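Here the structure comes first, spelled out in C-alpha cells, and everything after it is commentary.
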Amino acid sequence: MSRPSDPAGEAGGAFDSAASDSIDLSMLLAMLRRQVLLILLVAALFVGAGFAYSYLADKVYQATARVLLDPRDKQLVGEEVVRPTQGVDLSWIETQVDLVTATGTLRKVVEREHLIDDPEFGGTGNPADLDAVMNSFARHVRAERGAQTYVIDVIVSSTSAEKSARLSNAVADAFIASLTEAKQNAARQANILIARQIDDLKAKAREAEDRVEAYRRENNVVQVDGRPVDEQTLKQLNEANVTARLKADEASSRLAKLDAIARSGGGDLASALSSVDSPVLGRLKVEYALALRQQAELQQTLGDRHPRMQAIDADIARSRGLIKQELDTMVARARVDADLAKSQVASSAAALAAATNKVSQTSDASIALRDLEGEATIRRDVYRAFVARAQETGLQENLQVSDARIISPAQVPLYPSWPRKKIILGLAGIGGLGVGFALALYRGRSRLDRPQGTPALHLVDDAAGPKAELPEARPAPPEPGNVLAEIGVPGSLASGDVVTEEAAGELMGGVAVDSRPAFQSLADQLMKPADTEGPAVHVLFGTAASGAIAAVAYGLARVMAEQSAETLLIDANSGAVTTGSSLLGRDVSGILDLDLRHAEADAIGSRLEGASIVLLPAASARLRHQIGFHGERLVETIRDVADGFQRVVVDLGPSCPPALFSSLVDIADDVVMVVDAEEADSPEIRSMFADLRRLVPDLRGMVAARATSVVVDDAPPATATA
C-alpha cells in the first residue's frame, strides 16, 4: 500500500513513506532519450580522458623471479645429504615470504646495484639518503606465494623493463644468500657459546678427578683396573676357601673309602678294589686275577695236592699281600692328604674372615668414593660431549646449504603492467555513462515531479508485482464515527524508535494499564464470541509504527482476557517492535519454525502471566521476513486451535503484504486499522479508509494512537511462562 510521506511508517512495508513517490518509467525513458547527446558527450569525455591517460602516464614494467623453498634438512656430513621431512609448518613458509622484502635483503640489493644513484628510487648519490631509497625500493618489491606450494614469486616493478628483470633476480639472489648467512651465523653463534663453556667444563672435570684421588689417598683405597684391591683380595680368598673345602671333602671321602677296604681284609678283593683308582693296584689286580684263573683251570685237571697247585697258591698269597701292603700305603697317604686339606681350609677361612672384616671397615669410604667417581664421570662425559659438539659446529659454519634456489630467473617483460588500457577505458566508459545519466536526471528532474493531489492506493505484492490497483479516490469528508478509540502510546513506540525488548515490554504493559477504559470501549464495539461460530477473530493493521500497533493489540487482548475469555494473541508483525520480541524475546520459535526449522510444537506458544492470554509468534526473528509468504499456514494454525480460545487477536503490523492480509481477512470477524492520531482526520487517511472499506466489508473502524510524552517506568512488565 502506498500513501503520503509518514514519519511514523517503517521502511520496506506496504505503508512505507519511501513508497509514496511513484515514477513513470515511460516518462523516465523518454526524458533520457531527449538527453542522449549529453550522456554520450560526457561518456566520450571520460573515455577520451582515460585514453589520454593510458598513453601519457609513465609505463611500469613488472618482472618475476620464481624461488623454490626446500624445507628438507640438508647435512653434508653423514650418510644422507638430504633428509626427508614429515611435515612443514605453514608459518615457516609465510615467514620466508616476508623475509624476501625484509630490510636486510633489500639493503644488500640497494648496495650491490648502486640504487643510491638511481633517481627512480629517489637516489641522489648521497649516502644519507639510504633509508629513503630503501623505503622507495620496498614499494616496488613484493613477494607472493603460489597457492599450496613452496614457490615464491619475487616481483619487482620499474619504469625500465631491463631494470625490473635485473632487480628481480638481484632480490632473489640476496634472499637466497641471506638464508645461507642466517644458518652460518647460527652455527657460528652456537660454536662461540659452546667454546665459552669448554674451559669451565674441563676445569670442573679435572677438579672432580682430583677429589677422587685425594680421597683414595686419605682413606688408603687402592684400586686395580678400577676396582679396590681389598674387594679383589676378598673375592680371591673366598674362591680359595671354597676350593680348599672341596679338596678337604674329597680327601676325607677317599680316606674313608680306602680305610673301609683295608679293614675288610679278605673277601673278593677284585670287586672291593674296583672303585679305587691306582696304577699299582691296577697291575696287582691283574696279576691276582690271572693267578686265580690259572688256579681254577689247574684244579680241575691236577687236583689240590699237585705241586703246581701249591705254587699257584703261593702266587695268589703273595699277590694278596702286595695288594694289602699297597692299600695300607694308600690309606696312610690319603690320611695325610685329608689332614693337609683340613689345615688349608682353616687357614683360608681365617684369611677370609680377616679380609671380610677389613672390607666392612672400609665400606663407608667406598660408598663416598663411588659418589665422587660418579660425579667425576658425569663431568668428564659432559666435557667430552661439548668438545665434540664444538668441533661439529665449527665444521657446519662452512658447510651450510641454502633452503631456497631460483627455478625461473626473471625475464625482461615485453609489455608494461601499467597502465592497462582496456581496464582504464572500460572504467572511464562506465563512469562517463553514470555521470551522464546523473546529469540527465538532474536536468529533467522537474518532469518527474508528480502533480499535487491525493495519492492513489495500491496493493503491492513484493513477489508477484502489482496485485490490484484501485481508481484514485476523491477525498472524503471527515467521519468522526470511523474512529473507534483513541489510545495514548509512549513516544518511543509511536515514533518507531528502536528500543530494547525489556523497555518495549514495560511500555506495552503501561499502555494496557493506563488506557484500559479505551480498550474496554474498543472491545465492546467488536464482535462477541457468542455472535459467531468458533472464536471471534480480530485483525489489526495500520499506518502507525509497529510498536504502536503491537501495544494496541496487547492492550485489546488483555482487556478481552479479563472477561474470563481465553484469548490467543498472534504476532504476525514484521516491524522493529513486536509483542513476540518484547514479551517473549527475539529467539523464541514461531509457527513457521515448525515447517522451516523443525522446531518442537510445544515450544512456540507461551501463556502470559496474570492474564488468560497465549502469545503465539508467527515466526522467530530469523524467519520474520518470510511471514508474508505463509498466510495460509497462519490461517490453518488459527483453525487448528480455534476450539481452545474464545477470541483471537492478530497483529499484522504496518508492513503487511497483500497475500497475508487477504488470507487473514477471509476468516476475520473484525478488521481494525491503527493510525497516528495526528493523521486520523487527514484527507489521505480518510480516502484510504474509504477505499479499504469497499474492499473489506469487516473493516470496523480506526484506532488513533496518540504519542504521549510520559514514559511509564513503574508499569507492571509483561512476562510470560512457557
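Just so it is clear, the structure is predicted and the values come from calculations on it, not from any experiment. The figures that follow rest on heavy atoms only: side chains count, while hydrogens, waters and symmetry mates do not.
Of the inter-residue distances, the one linking Glu181 atom CD with Arg188 atom CZ reads 9.0 Å to the nearest 0.5 angstrom. In this structure, CG in Leu652 is found 7.5 Å from CZ in Phe661, a value given to the nearest 0.5 Å. The line from OG of Ser620 to CG of Leu592 is 8.0 Å long, rounded to the nearest 0.5 Å. Going from atom CD1 of Ile570 over to atom CD1 of Ile591 covers 5.0 Å, rounded to the nearest 0.5 Å. We find the OH-OH distance between Tyr415 and Tyr61 to be 11.0 Å, quoted to the nearest 0.5 Å. Taking OG of Ser157 as the start and CD of Gln62 as the end, the distance is 5.5 Å to the nearest 0.5 Å.
Side-chain N or O atoms of Ser168 include one that pairs as donor or acceptor with a backbone N or O of Ala65 at under 3.5 Å. Under a 3.5 Å cut-off, the side chain of Ser687 and the backbone N or O of Pro683 do not form any donor-acceptor pair. Using a distance-only test at 3.5 Å, with no hydrogens or angles considered, no donor-acceptor pair links the side chain of Asp58 to the main chain of Thr159. Ser662 places no side-chain N or O within donor-acceptor distance of the main-chain N or O of Pro658, the cut-off being under 3.5 Å. Checking side-chain atoms of Asp593 against main-chain N and O of Gly590 turns up a donor-acceptor pair under 3.5 Å. Proximity of a side-chain donor or acceptor of Ser682 to a complementary backbone N or O of Glu679 within less than 3.5 Å is detected. Side-chain atoms of Asn169 come within 3.5 Å of backbone N or O of Ala165 as a donor-acceptor pair. In this structure a side-chain-to-backbone donor-acceptor pair under 3.5 Å is present from His140 to Ser136.
Applying the 6.0 Å contact sphere to CD of Glu678 captures no more than 12 heavy atoms from other residues, nucleotides or ligands. Other residues, nucleotides and ligands contribute only 12 or fewer heavy atoms inside 6.0 Å of the CD atom of Glu502. More than 12 heavy atoms of other shown residues, nucleotides or ligands fall within 6.0 angstrom of atom CZ in Arg145.
Between Leu167 and Val141 the shortest side-chain heavy-atom distance does not fall below 4.5 Å. The shortest side-chain heavy-atom distance between Val100 and Ile152 falls under the 4.5 Å cut-off. Within the 4.5 Å cutoff, the side chain of Phe175 has heavy atoms near those of the Leu99 side chain. In this structure, the side chains of Leu41 and Leu37 stay at 4.5 Å or more apart for every pair of heavy atoms. Looking at heavy atoms from C-beta onward, Asp118 lies out of side-chain contact with Phe137 at the 4.5 angstrom threshold. The shortest side-chain heavy-atom distance between Thr180 and Gln184 falls under the 4.5 Å cut-off. Residues Val552 and Leu540 have side chains in contact (heavy-atom distance under 4.5 Å, counting atoms from C-beta outward).
Counting only N and O atoms by type, the side chains of Ser582 and Thr579 include no donor and acceptor under 3.5 Å apart. Asn573 and Ser546 share no donor-acceptor pair across their side chains, judged by distance under 3.5 Å alone.
Looking at Asp173 and Lys108, no side-chain N of the basic residue comes within less than 4.0 Å of a carboxylate O on the acidic one, giving no salt bridge. With respect to Arg142 and Glu144, a salt bridge is recorded, a charged nitrogen being found less than 4.0 Å from a carboxylate O. Classification of Asp681 and Arg686 as a salt-bridged pair holds, one side-chain N sitting under 4.0 Å from a carboxylate O. Under 4.0 Å is where a charged nitrogen must lie from a carboxylate oxygen, and between Asp571 and Arg624 at least one such pair does.
Applying side-chain contact (heavy atoms from CB on, under 4.5 Å) to Pro654 and the options Val674, Ile549, Thr543, Val675 leaves one that passes, Ile549. Between Val171 and the choices Thr101, Val109, Val67, the side-chain contact (heavy atoms from CB on, under 4.5 Å) rule is met once, by Val109.
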Begin with the C-alpha distance, continue with both residues' side-chain angles, and end with the deciding distance and a verdict on side-chain contact (heavy atoms from CB on, under 4.5 Å) for Leu692 and Phe541.
CA-CA 12 Å; Leu692 284 174; Phe541 75 104; 3.9 Å; yes

Kindly indicate, with the supporting measurements, whether the criterion side-chain contact (heavy atoms from CB on, under 4.5 Å) is fulfilled by Leu69 and Trp92.
CA-CA 10 Å; Leu69 295 176; Trp92 179 85; 4.2 Å; yes

Please walk me through it: do Ser158 and Glu120 pass side chain to side chain donor-acceptor pair (under 3.5 Å)?
CA-CA 8 Å; Ser158 174; Glu120 181 181 356; 2.9 Å; yes

Val435 and Phe46: CA distance, side-chain angles, deciding distance, side-chain contact (heavy atoms from CB on, under 4.5 Å) verdict
CA-CA 9 Å; Val435 174; Phe46 272 73; 3.8 Å; yes

Take Met688 and Met673 through the side-chain contact (heavy atoms from CB on, under 4.5 Å) test and state the conclusion after the steps.
CA-CA 11 Å; Met688 185 185 302; Met673 181 176 177; 3.8 Å; yes

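Of all the heavy atoms in Gly547 and Met508, the pair that sits closest is O-CE, 4.4 Å. Nearest heavy-atom pair, Ala572 versus Leu634, reported as atom, atom and distance to 0.1 Å: CB-CD1, 4.2 Å. For the pair Pro419 and Ile424, the tightest heavy-atom approach, listed with the atom from each and the gap, is CB-CD1, 3.4 Å. Heavy atoms only, all atoms of each residue included: Ile39 and Leu433 are closest at CG2-CD2, 4.0 Å. The minimum heavy-atom distance linking Leu130 with Arg107 is given by the pair CD2-NH1, 3.1 Å. Minimum interatomic distance between Gly631 and Leu660 (heavy atoms only, all atoms of both residues): CA-CD1, 3.6 Å.
Under the side-chain contact (heavy atoms from CB on, under 4.5 Å) criterion, Asp153 pairs with Thr64, Arg66, Val151, Ile155, not counting sequence neighbours.
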